[in-house]
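The structure appears below as structure tokens.
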Amino acid sequence: MSYESAKAAYSAFGIDTDAAIAKLKTVPVSLHCWQGDDVIGFDNDGGLTGGIQTTGDYPGKARNPEELFADMEKAMSLMPGKKKINVHANYAIFEDGEFADRDKLEPKHFKKWVDFAKKHNIGLDFNPTFFSHPNIKNGLTLSSPDDDVRNFWIEHGKACIRISEYFARETGVTCVMNIWTGDGMKDIPGDRYGLRMRYKDSIEQILSEPFDFNLVKPCVESKVFGIGVEAFTSGSNEFALSIAAANDNCIPLMDNGHYHPTEVVSDKIPALLCFFPEIALHITRPIRWDSDHVVLFDDETREMAKEIVRADALDRVYQALDFFDASINRISAWTVGFRSWQKALLFALLQPSARMKELQDNGEFTELMVLQEQAKLLPFGDIWAEYCRQEGVAADMSWFDEIKKYEAEVLSKR
Ligand code: RNT
Ligand code: ZN
């Protein structure tokens with residue numbers, strides 16, 4: 001089917017495909033730098049710690065900033081849509097043997113990221129890194145009972161607020177700054193309340209660093225458990241939601257890999273949008289214990305996108321990808337994940353949402369079911385192909401030829 005006949009098929013359902021494509025082009029999605037090197041970064045050689053783990057040893061991972069930038073550029077050239085780049089603090093770039101510990105990081109250590117963003121005319125998001133560092137004591141950072149440890153990490157958080165504001169001022173794009181720690185306990189705690197009270201105090205101290213909330217959006221991300229912290233996490237769902245509710249310079253971040261298996265973030269999105277002017281998402285794919293597989297165009301991914309679109313909240317939900325697979329070509333992982341979320345957004349924009357709402361409100365549940373099933377068979381692939389054509393990328397899997405070529409010419413030489 002051509003675009004024109006597909007467009008007519010959608011039009012029969014009252015759906016404007018041109019408008020959907022035009023809308024999608026305005027929605028920024030943040031691409032995480034950490035898929036490129038298995039979350040290692042440039043400021044440590046101790047490997048990944050903190051309750052998260054990559055598995056796999058696919059060859060050719062980026063070993064330095066130049067390789068990471070080149071790999072990201074290759075991936076971005078294969079994706080349609082508006083992008084931001086999500087940087088973690090452990091990706092500081094030090095020049096000439098200089099080094100600054102996490103509590104002493106400055107904007108200058110991220111100038112190359114700003115240059116990279118400006119080159120591509122995109123915004124930057126940022127994350128303090130509370131893992132992969134020797135100053136984590138008994139698995140704790142911001143909720144540690146050791147004041148030296150806790151203060152070190154508070155200073156890190158404050159430094160990251162300053163760096164986030166620098167990102168926003170340099171790029172002209174609001175910077176989302178996400179606080180996630182792996183703080184928790186392997187086994188039954190003796191004092192949950194103390195851990196959470198210290199965590200609360202630490203985050204509030206970080207938020208007391210002066211900043212412009214129009215430029216920097218601090219978030220707190222919750223988690224249910226991590227590797228080695230199976231019994232308890234300081235930043236639980238209730239904790240993260242409450243701290244965002246109690247502080248008007250902080251917003252909640254939901255990672256859809258961070259809940260009990262039958263809970264879905266698609267249902268949580270419209271709940272939080274009733275109360276928070278803005279929310280943030282980490283879009284990922286959980287499998288059993290792992291929260292970080294490559295995003296696919298699957299049911300729950302589509303459902304999340306639908307809920308954002310139906311709430312007319314594309315400009316109230318900061319969307320970032322978060323996965324890290326070391327067992328497959330990393331550039332392909334980025335590309336598949338980003339393209340999957342683009343598909344989900346486009347699919348959501350192409351639903352007969354107004355009619356579905358009408359049917360639901362009128363109690364016409366039989367027809368609602370029939371319509372929802374029919375909408376699944378509309379010629380989505382042709383609209384996707386047109387969107388990709390307009391964005392100058394392949395709609396089919398021919399983009400993978402580029403990956404194979406890059407692997408042969410660049411990655412295999414590393
Ligand atoms: C970990 C969290 C967190 C990290 C990144 C690297 O479970 O999802 O967002 O993935 O900070
Ligand atoms: Zn996350």
Side-chain angles (χ1 to χ4, degrees), residues 29-44 47-55 61-62 68 84-92 102 124-133 136 139 141-142 153 156-157 160 163-164 175-184 203 217-230 232-237 239-241 244 251-261 265 268 279-295 301 304 317-326 330 333-334 337 341:
V29 176
S30 199
L31 183 69
H32 54 312
C33 73
W34 52 92
Q35 165 61 63
D37 72 338
D38 312 339
V39 210
I40 296 300
F42 309 132
D43 76 341
N44 73 94
L48 182 58
T49 69
I52 53 176
Q53 189 60 272
T54 54
T55 51
K61 82 169 158 207
L68 189 64
K84 287 176 96 178
I85 297 287
N86 210 352
V87 183
H88 235 291
N90 57 332
Y91 290 77
R102 301 256 172 98
L124 291 168
D125 293 323
F126 198 47
N127 306 259
T129 308
F130 298 101
F131 52 81
S132 304
H133 190 280
I136 299 170
T141 61
L142 292 178
W153 292 109
H156 176 51
C160 289
I163 294 161
S164 299
C175 176
V176 176
M177 191 199 94
N178 179 45
I179 296 173
W180 173 76
T181 74
D183 283 29
I203 293 175
K217 302 287 178 178
C219 308
V220 179
E221 177 181 14
S222 71
K223 196 166 179 179
V224 63
F225 84 100
I227 305 167
V229 288
E230 289 83 4
F232 168 91
T233 58
S234 301
S236 63
N237 180 38
F239 177 91
L241 279 184
I251 66 178
L253 186 145
M254 294 189 292
D255 179 313
N256 64 301
H258 290 188
Y259 297 87
H260 288 283
V265 163
K268 299 177 191 296
I279 65 170
L281 292 180
H282 270 183
I283 300 147
T284 188
R285 180 167 52 104
I287 295 194
R288 305 190 193 285
W289 64 266
D290 181 53
S291 59
D292 300 292
H293 276 60
V294 177
V295 174
T301 305
M304 284 165 52
V317 182
Y318 295 102
Q319 303 158 40
L321 301 178
D322 182 16
F323 50 79
F324 25 98
D325 191 334
R330 296 169 183 81
W334 262 323
W341 183 242

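What you see is a predicted model; the values in this text were computed from it and never measured. Atoms within a ligand are numbered from 1 in the order they appear, just like the ligands themselves. Start at 1 with the first residue, then count along the sequence.
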_List the residues meeting ring-ring contact (aromatic ring centres under 6.0 Å, His included) with Y91, not counting sequence neighbours, and say none if there are none._
F42

*Those atoms of ligand 1 less than 4.0 Å from some heavy atom in I52*: 1 (C), 7 (O)

*Would you call the rings of W153 and F130 parallel, tilted or perpendicular if under 30° counts as parallel and over 60° as perpendicular?*
tilted

*asked:* Give the atom numbers and elements of ligand 1 that come within less than 4.0 Å of a heavy atom of H282.
replied: 9 (O)

*In the protein, what heavy atom is nearest to atom 9 (O) of ligand 1, and what distance, to one decimal place, separates them?*
E221 OE1, 2.7 Å

*Looking only at atom types and distance, does a side-chain atom of D183 sit under 3.5 Å from a main-chain N or O of L142, one as donor and one as acceptor?*
yes

*Sequence-distant partners of W341, ring-ring contact (aromatic ring centres under 6.0 Å, His included), two or more places apart*: none

*For atom 4 (C) of ligand 1, which protein heavy atom lies nearest, and how many Å away is it?*
D322 OD2, 3.6 Å

*Who's the nearest protein heavy-atom neighbour of atom 5 (C) of ligand 1, and how far?*
H88 NE2, 3.5 Å

*Applying side chain to side chain donor-acceptor pair (under 3.5 Å), run through S132 and N44 and close with a yes or a no.*
CA-CA 7 Å; S132 304; N44 73 94; 5.0 Å; no

*Among protein heavy atoms, which lies nearest atom 7 (O) of ligand 1, and at what distance?*
K223 NZ, 2.7 Å

*asked:* Go through it in stages, so that I can follow the logic: the residues are R330 and D37, the test is salt bridge (charged side-chain N to carboxylate O under 4.0 Å, His left out), and I'd like the CA-CA distance, side-chain angles, deciding distance and then a yes or no.
replied: CA-CA 8 Å; R330 296 169 183 81; D37 72 338; over 6 Å; no

*Does F239 have any ring-ring contact (aromatic ring centres under 6.0 Å, His included) partners at least two apart in sequence or in another chain, and if so, which?*
Y199

*Where do S222 and A240 come nearest, in terms of heavy atoms and distance?*
CB-CB, 3.6 Å

*Relative to the Zn ion (ligand 2), how many protein N, O or S atoms have a separation of less than 2.8 Å?*
4

*For ligand 1, which atoms have a heavy atom of H258 less than 4.0 angstrom away?*
1 (C), 2 (C), 7 (O), 8 (O)

*Between the main-chain N or O of F324 and the side-chain N or O of D292, is there a donor-acceptor pair closer than 3.5 Å?*
no

*Return yes if some donor-acceptor pair links the side-chain N/O of T284 with the main-chain N/O of D322 below 3.5 Å, else return no.*
yes

*Those atoms of ligand 1 less than 4.0 Å from some heavy atom in D255*: 8 (O)

*Kindly state whether the ring of H282 and the ring of W180 have centres lying under 6.0 angstrom apart.*
no

*asked:* Taking a cutoff of less than 4.0 Å between a non-hydrogen atom of the residue and any ligand atom, is F324 in contact with ligand 1?
replied: yes

*Part of H32 within contact of ligand 1 (heavy atoms, under 4.0 Å)*: neither

